[in-house]
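See structure below.
Here the structure is a predicted model, which means the values were calculated and not measured.
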Amino acid sequence: VYRGEIIVNSSDEILIHSTTQSNNSQNFPVRNGFNNNFGGVQDAFFARFNSDASNLLSCSYIGGISYEAGNGLALSPNGDIYLCGGTSSTTLGFNLAGQKNAYQGGTGDGFLLRISADGTQVLNGTYIGTTAYDQAYFVQVDKRGNPFVTGQSAGVFDITPPIYGNAEGGQFLELVA
C-alpha cells in the first residue's frame with residue numbers, strides 16, 4: 001500500500017510527496033530539482049506544480065539503490081518544505097547533515113528532509129530509526145519551525161525528550177531538531 005501527501009503553499013502551488021517505480025523520464029518528468037536520477041527499485045519523489053497544475057515547476061527523485069516511500073509533507077513558517085518517509089537504502093543519493101547522517105540498520109529507516117521552498121535543493125536531512133524496521137509517516141511543523149515526526153518502529157527508541165513513545169507500543173513521536 002502506498003501513501004503520500006498533497007498540500008498547497010501560500011503561493012497556491014501544489015506540492016506532492018509520494019512514491020514511484022517509474023525510471024523513465026518520458027513517463028516521469030523530473031526537472032529543476034535536486035535529484036534527476038532514479039535510485040533503485042522504488043523511489044520517493046517530490047513535485048511542485050503551479051496553481052492549476054498546468055506546469056510542473058520542479059520534480060525530484062528521492063532514493064538509493066533499494067526501496068523508498070514518500071509519506072508525509074509539511075511547510076515551515078519560512079516556506080521550507082519537510083518530507084518524511086522510509087528507506088531500505090543505506091544512502092539516499094545526497095549527503096544528510098542532520099542528527100543521524102548514516103543509515104541506522106535493520107530492514108528500514110525513516111527519513112526526514114528539509115528542502116528549499118522552490119524544491120531545488122536539499123538543505124539538510126536525517127535518518128530516523130533504530131537497528132530494526134522503522135518508518136516515518138507524518139511530519140508537522142510548529143510555529144517556530146520545529147519539525148515533529150511520527151511513525152512506526154519494530155525497534156527500541158531511546159525514549160527521552162524530545163522523543164515520546166510507549167516502550168511496548170511500536171509508535172514514536174520525535175521532535176527532530
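- Rounded to the nearest 0.5 angstrom, Ser58 OG and Phe46 CZ are separated by 5.5 Å.
- Judged purely by atom type and a 3.5 angstrom limit, His17 uses its side chain to pair as donor or acceptor with the backbone of Phe45.
- Between the side chains of Asn71 and Gln135, a donor-acceptor pair is found at a separation under 3.5 Å.
- If you take CZ on Phe49 and OG on Ser54, they are separated by 10.0 Å, rounding to the nearest 0.5 Å.
- Taken to the nearest 0.5 Å, the CD1 atom of Ile128 stands 11.0 Å off from the OG atom of Ser153.
- When all heavy atoms of Ala44 and Gly70 are compared, the closest pair comes out as CB-N, 3.5 Å.
- A donor-acceptor pair under 3.5 Å is formed between the side chain of Asn32 and the backbone N or O of Leu57.
- Hydrophobic clustering (ILVMFWY, side-chain heavy atoms < 4.5 Å, transitive): Val30 and Ile6 are in one cluster.
- By the neighbour-count criterion of 12 heavy atoms within 6.0 Å, atom OH of Tyr67 is sparsely surrounded, having that number or fewer from other residues, nucleotides or ligands.
- Partners of Tyr137 under the side-chain hydrogen bond (donor to acceptor under 3.5 Å, both in side chains) rule, at least two apart in sequence or in another chain, do not exist in this structure.
- Under a cut-off of 6.0 angstrom, the local environment of CD1 in Ile7 is crowded, with over 12 non-hydrogen atoms contributed by other residues, nucleotides or ligands.
- Applying the side chain to side chain contact (heavy atoms under 4.5 Å, CB included) rule to Thr120 yields the partners Ser116, Asp118; only residues at least two apart in sequence or on another chain are considered.
- Between the side chains of Glu68 and Thr87, at least one donor-acceptor pair of N or O atoms lies under 3.5 Å.
- Residue Gln140 qualifies as open at atom CD: its count of foreign heavy atoms under 6.0 Å is 12 or below.
- Contact detail for Ser88 and Ser66: the closest heavy-atom pair is OG-OG, 2.9 Å.
- Side-chain contact between Ile115 and Leu83 is present, with heavy atoms from C-beta onward closer than 4.5 Å.
- Of the candidates Thr19, Asn35, Leu113, Asp43, Ile62 forms a side chain to side chain contact (heavy atoms under 4.5 Å, CB included) with just one, namely Leu113.
- The shortest side-chain heavy-atom distance between Leu73 and Ile81 falls under the 4.5 Å cut-off.
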Exercise. Can Tyr127 and Leu92 be said to form a side chain to side chain contact (heavy atoms under 4.5 Å, CB included), step by step?
Worked result: CA-CA 10 Å; Tyr127 287 99; Leu92 290 175; 4.0 Å; yes

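- Linking Ile, Leu, Val, Met, Phe, Trp and Tyr whenever their side-chain heavy atoms come within less than 4.5 Å puts Val141 and Leu112 in one cluster.
- Residues Ser18 and Arg3 approach most closely at OG-O, 3.2 Å, considering heavy atoms.
- The shortest non-hydrogen separation linking Gly119 to Ser60 is O-OG, 4.2 Å.
- Under the 30°/60° scheme for interplanar angles, the aromatic rings of Tyr61 and Phe28 are found to lie parallel.
- Rounding to the nearest 0.5 Å places CD of Gln152 at 10.0 Å from CG of Asp134.
- The two atoms that bring Leu56 and Ala47 nearest to each other are CD1-CB, 4.1 Å, heavy atoms only.
- The shortest non-hydrogen separation linking Gly86 to Phe111 is N-CE2, 3.4 Å.
- Side-chain atoms of Asn55 never come within 3.5 Å of backbone atoms of Asn50 as a donor-acceptor pair (strictly under, hydrogens ignored).
- Within the 4.5 Å cutoff, the side chain of Leu75 has no heavy atoms near those of the Asp80 side chain.
- Without hydrogens or angle criteria, Ser11 side chain to Glu13 main chain gives no donor-acceptor distance under 3.5 Å.
- With Asn146 contributing its side chain and Asp142 its backbone, the two residues share no donor-acceptor pair below 3.5 Å.
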